[in-house]
> 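The structure that follows is given in the form of structure tokens.
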Amino acid sequence: MHVVELRFECFDNTTITAAEKAINGLLEAYRANGQVLGREFAVAFNDGEFKARMLTPEKSSLSKRFNSPWVNSALEELTEAKLLAPREKYIGQDINSEVSSQDTPSWQLLYTSYVHMCSPLRNGDTLQPIPLYQIPATANGDHKRMIRWQTEWQACDELQMAAATKAEFAALEELTSHQSDLFRRGWDLRGRVEYLTKIPTYYYLYRVGGESLAVEKQRPCPKCGSKEWLLDEPLLDMFHFRCDTCRIVSNISWDHL
């Protein structure tokens, strides 16, 4: 990921309220299209201009060719708020984050966790994140539904990792059950991505608990019941199961590894 600063200059008298609404609207549109990462953006006012610093998947993420219709509309709304189009200043590569995939994968998957800010779409050959704006819009012109699913998955993951309240069990059900709402939405998005990209796309089904390692190895695919999905060697040192029919990858319970 890369650190980029956007600077917004006023070309006429405006108000903090109008500028705040227009700038935040643009940043949210960028986020919904996968062009900027994270959930919160600091916007500062100093020396007559507004500055926002953010993370992007690639150095060129804010290029106009990647803009969604919402982003283009938000850029027009800057003019109404008496702001010029933002000037971009590249700060540098973030040393604490992952590098985006540059190659076309042979397969891909939806995978995230509460510690990841990057795209939930991963290259199946390397596990590197694939910037969402690099694929066709998944719904209504951008990738808002994908970002929303990722946010919900991460919220459930954080609850189960904290293991401090009864909410942990409800969160685990969402992460591990193929009948949960979270699975259903994510699996449908997976299918949409596969249809748009023509690349086999899988859903990662989290697994924890279970009786023993031996029992885990006999665990069938939860969707079709096949026991042929156990792999001889784990994919990417993480995924011990893969069902090509149901497009699901999973792990042997982390409690038994």
Side-chain angles (χ1 to χ4, degrees), residues 1-11 16 19-79 81 83-105 108 110-123 126-135 137-138 141-144 146-155 157-158:
M1 294 190 282
H2 299 262
V3 182
V4 173
E5 183 178 82
L6 291 184
R7 298 181 177 184
F8 302 83
E9 292 185 66
C10 306
F11 65 82
I16 295 291
E20 175 187 26
K21 181 180 179 182
I23 293 171
N24 286 337
L26 174 62
L27 299 185
E28 185 60 28
Y30 275 141
R31 178 176 181 262
N33 199 41
Q35 290 172 271
V36 301
L37 305 168
R39 304 181 194 178
E40 298 182 3
F41 311 104
V43 180
F45 179 69
N46 190 30
D47 294 332
E49 65 178 5
F50 298 87
K51 298 179 182 179
R53 187 166 291 191
M54 63 207 67
L55 288 175
T56 62
E58 300 174 295
K59 190 174 180 179
S60 61
S61 295
L62 301 184
S63 175
K64 291 181 180 179
R65 68 182 183 274
F66 298 132
N67 287 355
S68 67
W70 184 12
V71 169
N72 288 330
S73 176
L75 286 168
E76 293 177 1
E77 290 176 8
L78 290 175
T79 304
L83 296 172
L84 296 172
R87 293 186 293 116
E88 183 179 334
K89 179 181 179 181
Y90 179 71
I91 305 299
Q93 187 167 354
D94 179 36
I95 64 173
N96 293 317
S97 59
E98 299 178 71
V99 177
S100 295
S101 174
Q102 301 296 319
D103 302 317
T104 301
Q108 55 197 11
L110 291 189
Y111 169 83
T112 190
S113 80
Y114 80 100
V115 298
H116 290 119
M117 291 180 62
C118 58
S119 167
L121 182 63
R122 300 293 191 115
N123 183 321
T126 64
L127 204 61
Q128 290 177 311
I130 300 171
L132 292 178
Y133 54 81
Q134 295 282 12
I135 68 171
T138 45
D142 59 22
H143 302 285
K144 183 187 294 184
M146 183 86 75
I147 299 297
R148 185 176 299 162
W149 169 85
Q150 181 183 27
T151 301
E152 292 170 356
W153 206 103
Q154 291 173 334
D157 192 32
E158 189 163 10

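Owing to the predicted nature of the structure, the values given are computational and were not obtained by experimental measurement.
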> Between Leu27 and Val36, which heavy-atom pair has the shortest distance, and what is it?
O-CG2, 3.8 Å

> Please find the pair of heavy atoms, one from Gly34 and one from Pro57, that lie closest to each other, and give the distance.
O-CG, 3.4 Å

> Which heavy atom in Asn123 sits nearest to a heavy atom in Asp103, and how many Å separate them?
ND2-O, 3.5 Å

> How far apart are the C-alpha atoms of Leu6 and Lys51, what are their side-chain angles, what is the distance that settles it, and do they pass the side chain to side chain contact (heavy atoms under 4.5 Å, CB included) test?
CA-CA 6 Å; Leu6 291 184; Lys51 298 179 182 179; over 6 Å; no

> Quick one: does Arg148's side chain get under 4.5 Å of Glu152's, heavy atoms only?
yes

> Of Gln35, Lys64, Glu28, which is the lone residue that meets side chain to side chain contact (heavy atoms under 4.5 Å, CB included) with Val71?
Gln35

> Would one find more than 12 heavy atoms of other residues, nucleotides or ligands at under 6.0 Å from atom CD1 of Ile95?
no

> As an exercise, state the distance from CE of Met117 to CG of Asp94, rounded to the nearest 0.5 Å.
8.5 Å

> Once side chain to side chain contact (heavy atoms under 4.5 Å, CB included) is applied, do any residues pair with Thr112, and if so which ones, sequence neighbours excluded?
His116, Pro120, Trp149, Gln150, Trp153, Gln154

> Can you confirm whether Glu20 sits close enough to Phe50 that some side-chain heavy atom of one is under 4.5 Å from a side-chain heavy atom of the other?
no

> Is the closest side-chain heavy-atom distance between Asn67 and Asn33 below 4.5 Å?
no

> Identify, with sequence neighbours excluded, every residue that meets ring pair (Phe, Tyr, Trp, His ring centres under 6.0 Å) alongside Phe41.
none

> For a quick test of reading the model, state the closest non-hydrogen atom pair linking Arg65 to Ser60 and the distance between them.
NH2-OG, 3.9 Å

> Mind checking side chain to side chain donor-acceptor pair (under 3.5 Å) for Glu49 and listing every partner two or more places apart, or none if nothing turns up?
Arg87

> Between Ser68 and Asp142, is any side-chain donor less than 3.5 angstrom from a side-chain acceptor?
no

> Taking side chain as C-beta onward, heavy atoms only, is Tyr30 less than 4.5 Å from Thr56?
no

> May I ask you to test the Val43-Asn24 pair for a side-chain heavy-atom distance under 4.5 Å?
yes

> Which residues pass the ring pair (Phe, Tyr, Trp, His ring centres under 6.0 Å) test with Phe66, not counting sequence neighbours?
Tyr133

> Taking all atoms of both residues into account, what is the closest heavy-atom pair of Cys118 and Glu98, and its distance?
SG-OE2, 3.6 Å

> Nearest 0.5 Å please: distance from the CD atom of Glu58 over to the OG atom of Ser63.
10.5 Å

> Holding to side chain to side chain contact (heavy atoms under 4.5 Å, CB included), I want the full list of residues that pass it with Ile91, two or more places apart in sequence or in another chain.
Val3, Glu5, Arg53, Lys89

> Ignoring hydrogens and angles, state whether a donor on the side chain of Gln128 or Gln102 is under 3.5 Å from an acceptor on the partner side chain.
no

> What verdict does the side chain to side chain contact (heavy atoms under 4.5 Å, CB included) test give for Ile130 and Gln108, after you've listed the backbone C-alpha separation in whole Å, the side-chain angles of each residue and the deciding distance to 0.1 Å?
CA-CA 9 Å; Ile130 300 171; Gln108 55 197 11; 3.6 Å; yes

> Kindly indicate whether the side chain of Met54, heavy atoms from C-beta on, has any atom under 4.5 Å from the side chain of Leu37.
no

> Decide whether a cation-pi geometry holds between Lys59 and Tyr90; the criteria are a distance under 6.0 Å from NZ or CZ to the six-membered ring centre and an angle within 45° of the ring axis.
yes

> I want to check something: taking the side chain as every heavy atom from C-beta on, are Leu78 and Leu84 in contact at a cut-off of under 4.5 Å?
no

> Can a donor-acceptor pair be found, under 3.5 Å and without considering hydrogens, that links the side chain of Ser73 to the backbone of Pro69?
no

> Quick one: CD on Glu88 to CG on Leu62, what's the gap to the nearest 0.5 Å?
4.5 Å

> According to ring pair (Phe, Tyr, Trp, His ring centres under 6.0 Å), who are the partners of Tyr114, at least two apart in sequence or on a separate chain?
none

> Looking at every heavy atom in both Cys10 and Leu83, which two are closest together, and how far apart are they?
SG-CD2, 3.8 Å

> So how far is it from Leu26 CG to Lys21 NZ, rounded to the nearest 0.5 Å?
14.0 Å

> Is the closest side-chain heavy-atom distance between Ile23 and Pro86 below 4.5 Å?
no

